[in-house]
Amino acid sequence: MATKNKGQLRKIVSFIFIQLGIIALCLFSWGFVGKVSSAHFEGIVKVLPQSQKELLANSLNFYYNQGFAKYSRGLLLECEAETESIINQFSWFHRNTFTYYLKDPPAYHEILASTVDYFEIMDESKAKELNTYRLESKFIYWHTANQPSGYVTPKDKSDLLLSLVDFGVNLFVSTTSPVGLSAAAISLLSKAGSDPAKSMPAIVVFHKLRVQNMSISIAILTLLNLMFCKFLFRKS
């Protein structure tokens, strides 16, 4: 009897020990521990099933699939449901045109930090000190509470206004004059700037997909753990 009880205890201890490792591995793998780097970010996106990549790509294209943008910028700037395109689209929203071409793709944590700073949820310097999960949780909570609506971001509105000003100036003033050149330069710089607001739908979707995948991963590995422990100590 004592031997049998000892064998059962070994099964339980082994299962718990392995299970803790499984949970830690899944939490890290899906970006819920530490700060998600650019390489880790790319790895997570790469292993997503094609159906989930399509959902993520659609969320990145949200602002390009509405209204007039669908027939103009959306035709040129929309994201495709493949890893490199998804990473590049996140980077495009996060950086201005110049740094987009000069720097490597940013870390997901960096994208989150700039997004919460853009919406004035938290200062970017403080946001960078948090781990990715806590930072993402703050953003999701804010998004749920505020439910931002509309198909045009604040940057889109300012770009439209500056385009109208630029057109008006060019209509009445020579483009070679200081006033005309200044208006054109301001309009160009504005259009070349980043627009973190467009990352908002994708961040929400990316979080949901990772939670879903992590839950499935833990469930499958837990079942395998049970089978392994049962097989390992079947004679106990």
Taking the side chain from [X] and the backbone from [Y], do they hold a donor-acceptor pair closer than 3.5 Å?
X: Q50; Y: A81; value: yes
X: N58; Y: E54; value: yes
X: N131; Y: V33; value: no
X: K53; Y: E80; value: no

Same cluster or not: are [X] and [Y] linked, directly or through other Ile, Leu, Val, Met, Phe, Trp or Tyr residues, by side-chain heavy atoms under 4.5 angstrom apart?
X: V47; Y: I218; result: yes
X: I22; Y: I216; result: yes
X: V211; Y: Y133; result: yes
X: I140; Y: L60; result: yes

Taking atom [atom1] of [X] and atom [atom2] of [Y], what is their separation to the nearest 0.5 Å?
X: E129; Y: D123; atom1: CD; atom2: CG; value: 9.5 Å
X: E120; Y: W142; atom1: CD; atom2: CH2; value: 10.0 Å
X: K198; Y: C79; atom1: NZ; atom2: SG; value: 14.0 Å
X: T132; Y: H207; atom1: OG1; atom2: NE2; value: 12.0 Å
X: K35; Y: H40; atom1: NZ; atom2: NE2; value: 15.0 Å
X: C26; Y: F28; atom1: SG; atom2: CZ; value: 12.0 Å

Looking only at non-hydrogen atoms, find the nearest pair between [X] and [Y] and report the distance.
X: L56; Y: I86; result: CD2-CG2, 3.8 Å
X: A107; Y: V36; result: CB-O, 3.5 Å
X: V205; Y: S59; result: CG2-CB, 3.6 Å
X: L130; Y: K138; result: CD1-CE, 3.7 Å

| field | CZ/F15: more than 12 non-hydrogen atoms of other groups inside 6.0 Å | value |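 Result for CZ/F15: enclosed.
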| query | If you count the non-hydrogen atoms of other residues, nucleotides and ligands that lie under 6.0 Å from CD in E84, is the total more than 12? | reply |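 No.
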| task | Any chance you could lay out the side chain to side chain contact (heavy atoms under 4.5 Å, CB included) test for N213 and L48, step after step, and finish with the verdict? | result | CA-CA 9 Å; N213 291 346; L48 292 178; 3.3 Å; yes
| Under the side chain to side chain contact (heavy atoms under 4.5 Å, CB included) criterion, do T115 and M200 qualify, and how do the steps go? | CA-CA 8 Å; T115 304; M200 179 172 54; 5.5 Å; no
| said: Using the ring centroid of each side chain, check whether F41 and F206 are separated by less than 6.0 Å. | reply: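 Yes - the distance between ring centres of F41 and F206 falls below the 6.0 Å cut-off.
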| Ring-ring centroid check H143 F119, cutoff 6.0 Å |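 H143 vs F119: aromatic centres not under 6.0 Å.
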| request: Check the pair S38, D104 against side chain to side chain contact (heavy atoms under 4.5 Å, CB included), reporting the backbone distance first and the verdict last. | output: CA-CA 9 Å; S38 55; D104 293 330; over 6 Å; no
Side chains of [X] and [Y]: does their closest heavy-atom pair fall under 4.5 Å?
X: F139; Y: M122; value: no
X: F228; Y: L221; value: no
X: R210; Y: I44; value: yes
X: H109; Y: S37; value: no

| field | No-hydrogen, no-angle side-chain donor-acceptor test under 3.5 Å, Q19 and T222 | value |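 Yes, a side-chain donor-acceptor pair sits under 3.5 Å.
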